[in-house]
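Throughout, a chain's letter reflects where its sequence line sits, starting with A, and its residues are numbered from 1.
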There are 2 protein chains.
Amino acid sequence: MSRGSPCAAARRSGAVACLQCEVREISLCGELPENDLSELQSLVRHKEMQPGTPIFEEGDEARYVYNVSSGTIRLYKLLPNGRRQITGFLYPGDFLGLAARDIYSYGAEAVTELRLCQFGVRELEGLFERFPAMRARLFAIAKDELAAAQDQMLLLGRKTPIEKVSSFLLRRLKDARRFDPESDRIFLPMSRNDIADYLGLTIETVSRTFTRLKNDGVINLPDSHNVRIPDDEKLSELAEES
Amino acid sequence: MSRGSPCAAARRSGAVACLQCEVREISLCGELPENDLSELQSLVRHKEMQPGTPIFEEGDEARYVYNVSSGTIRLYKLLPNGRRQITGFLYPGDFLGLAARDIYSYGAEAVTELRLCQFGVRELEGLFERFPAMRARLFAIAKDELAAAQDQMLLLGRKTPIEKVSSFLLRRLKDARRFDPESDRIFLPMSRNDIADYLGLTIETVSRTFTRLKNDGVINLPDSHNVRIPDDEKLSELAEES
DNA sequence: CGAACGTTTGACGGGAATCAAGATAGGTGG
DNA sequence: CCACCTATCTTGATTCCCGTCAAACGTTCG
């Protein structure tokens, strides 16, 4: 491995300086004062990867945490016979790497082309000592994830296929509207298989449910990864959201 | 309300001093040095309640956190039409009350007679400032809960009824063995209905599955709340645990 | 053009939910 | 102490939805 200047290394990997980072404000890094961003910069390592690439696997020692710069990640758990449950999808700005007892309890893979910021947990701990607000933010992230996990348990245990798919689309729509409040379109970077493993269904049931929503006029499907939602009220009813 | 001395108040409510607390070591309070237990003592408020009593409801402002002294709690979420998903059971020593955005995202009820220690979140925050180890411990608890939630998602989305019930019994057996490593008996304080809502099944399917496990010799059922497990190997296979 | 992959659609069957009826246990009052 | 009532659990019968198996369709890429 050649060792150039950090700056050159960053340029080589297509890295963006933290100050210019598009997702900084919505990520953990947004908690750090701009003046101290250089501290982050010296800790971060930029990663780029292709669809399907594993980031880490269940059981791995949890040495790093990550922030998603661009692209989509799936988190998953496996049963011995190969059945898979996707426990979550991550999008730009999302944090990755919380682990109990320093062992990842889930695997993580790139769904799309992906850009990540990698931090060593030890080094980050040093930063937390000096900037307690970052630790507080991470704790808040953990609590948000826990609430999301509980929502997903409700979905998996007690919702029908229609309700599951509607809930999934509605969540994606709400995410899209954080950036564009007028948006009625969502892009689904993941396959039907991924959606099925996320919702506790089979790929066929997912496909049929999309078709049914389309035929009922609740959604448009320009193609299998793009959805237009003309009437989010109707979708909300179908999702059984309170 | 008459205001006696704190000591008298504690005696009236059957409270135990923190120093004598049986579950202190395995709970968040175990992180505080014995010498400083008086700090806790001045913050804590003891609660006792009967089966079925609500502790708080989804949507309530999260002003308090709790530790379970004795008894069992169910955490749950509801759908508008009344369907219920139990997201977890809590036992002595367990912590209760993590909340995103200071709103409980789930309800909590007593399953059995219950004794709780209640802490105001504001006051506890003050304690955390002086004893950072407690905050770290709470973060560790949050990460454990998140890992448990992911396990439960795998169970709800991808396991069969036999696997679900076996996994549930196996977990309870492992819990029992933390206190008595030789134990082959578990006590289930909750109803079949609670188990069904925890595992994403109907009460009838839970009952049939218990019966089937009994007929197959995997468990004994002295009565519906007591289970003996002669062969935990077999149960482990059925649970599809790795 | 054809191979490979992902998605959709169709036919079918199994298994859990639903509907319904008993069995068991716990509690109350006569 | 027992009859009665209620709640919980178990068991049985039936239904129907989703999973399974299979094939067709469409898109991408070599």
Side-chain angles (χ1 to χ4, degrees), chain A residues 50-52 72 74 79 81-86 109 111-113 155-166 168-169 187-216 219-227 238, chain B residues 50-52 72 74 79 81-86 111-113 155-169 187-216 219-227 238:
Chain A
Q50 293 304 307
T72 301
R74 58 176 168 254
L79 287 173
N81 64 4
R83 280 172 289 175
R84 182 181 67 159
Q85 178 65 38
I86 289 181
E109 290 172 352
V111 172
T112 64
E113 274 195 28
L155 177 147
L156 290 169
R158 286 295 179 238
K159 287 190 179 180
T160 65
I162 286 266
E163 291 165 354
K164 286 178 175 183
V165 171
S166 299
F168 172 66
L169 294 176
F187 175 66
L188 305 175
M190 70 291 290
S191 68
R192 292 286 187 266
N193 214 323
D194 286 344
I195 297 174
D197 284 350
Y198 182 56
L199 301 179
L201 301 170
T202 62
I203 179 177
E204 293 93 334
T205 298
V206 170
S207 182
R208 275 187 251 269
T209 306
F210 270 96
T211 301
R212 183 166 155 200
L213 288 173
K214 184 179 67 176
N215 292 341
D216 292 355
I219 62 172
N220 295 12
L221 273 178
D223 68 81
S224 65
H225 291 282
N226 284 283
V227 186
L238 290 175
Chain B
Q50 293 303 307
T72 301
R74 59 177 168 253
L79 286 173
N81 64 2
R83 282 174 286 175
R84 182 181 67 159
Q85 179 65 38
I86 289 181
V111 172
T112 63
E113 275 195 28
L155 176 147
L156 290 169
R158 285 298 179 236
K159 287 190 179 180
T160 65
I162 285 264
E163 292 164 353
K164 287 177 173 181
V165 172
S166 300
S167 298
F168 172 67
L169 294 176
F187 175 66
L188 305 176
M190 70 290 292
S191 69
R192 292 286 187 265
N193 214 325
D194 286 344
I195 297 174
D197 284 350
Y198 181 56
L199 300 178
L201 300 171
T202 61
I203 179 177
E204 294 93 333
T205 298
V206 170
S207 182
R208 277 187 249 270
T209 305
F210 270 96
T211 302
R212 183 165 154 201
L213 289 173
K214 184 180 69 177
N215 292 340
D216 292 355
I219 62 171
N220 295 13
L221 273 178
D223 68 82
S224 65
H225 291 282
N226 284 283
V227 186
L238 290 175

Return the polar atom pairs (N/O with N/O) between nucleotides 10-14 of chain D and the protein under 3.5 Å, or none.
from, atom 1, to, atom 2, distance (Å)
dT10(D), OP1, Arg192(B), NH2, 3.4
dT10(D), OP2, Arg192(B), NE, 2.9
dT10(D), OP2, Ser207(B), OG, 2.8
dT10(D), O5', Ser207(B), OG, 3.1
dT11(D), OP2, Thr211(B), OG1, 2.6
dG12(D), N7, Arg208(B), NH1, 2.9
dG12(D), O6, Arg208(B), NH2, 3.1
dA13(D), N6, Arg208(B), NH2, 3.4

Could you tell me how far apart [X] ([atom1]) and [N] ([atom2]) are, to the nearest whole angstrom?
X: Asn215(A); N: dT8(C); atom1: CG; atom2: P; value: 12 Å
X: Arg158(B); N: dG19(D); atom1: CZ; atom2: C1'; value: 10 Å
X: Ile195(B); N: dT8(D); atom1: CD1; atom2: C1'; value: 12 Å
X: Ile162(B); N: dG14(C); atom1: CD1; atom2: P; value: 18 Å
X: Arg212(A); N: dC18(D); atom1: CZ; atom2: P; value: 9 Å
X: Glu163(A); N: dC17(D); atom1: CD; atom2: C1'; value: 14 Å
X: Asn193(A); N: dT8(C); atom1: CG; atom2: P; value: 12 Å
X: Met190(B); N: dC9(D); atom1: CE; atom2: P; value: 11 Å

Problem set entry | Residue pair Phe210(A), Arg192(A): steps toward the side-chain contact (heavy atoms from CB on, under 4.5 Å) verdict | CA-CA 10 Å; Phe210(A) 270 96; Arg192(A) 292 286 187 266; 3.9 Å; yes

Problem set entry | Between CG on residue Leu155(A) and CG on residue Leu156(B), distance to nearest 0.5 Å | 10.0 Å

Exercise. To the nearest 0.5 Å, what is the distance between CZ (Arg84(A)) and CG (Asp197(A))?
Worked result: 4.0 Å

Side-chain donor/acceptor of [X] to backbone N/O of [Y], under 3.5 Å:
X: Arg83(B); Y: Arg158(A); answer: yes
X: Ser167(B); Y: Glu163(B); answer: yes
X: Lys214(B); Y: Leu221(B); answer: no
X: Thr72(B); Y: Thr112(B); answer: no
X: Gln85(A); Y: Tyr198(A); answer: yes
X: Ser207(A); Y: Ile203(A); answer: no

Below 3.5 Å between N/O atoms, which protein atoms pair up with nucleotides 28-30 of chain D? Just atom names and distances, please.
none

Problem set entry | N or O in side chain of His225(B) less than 4.0 angstrom from dC9(D) OP1/OP2 | yes

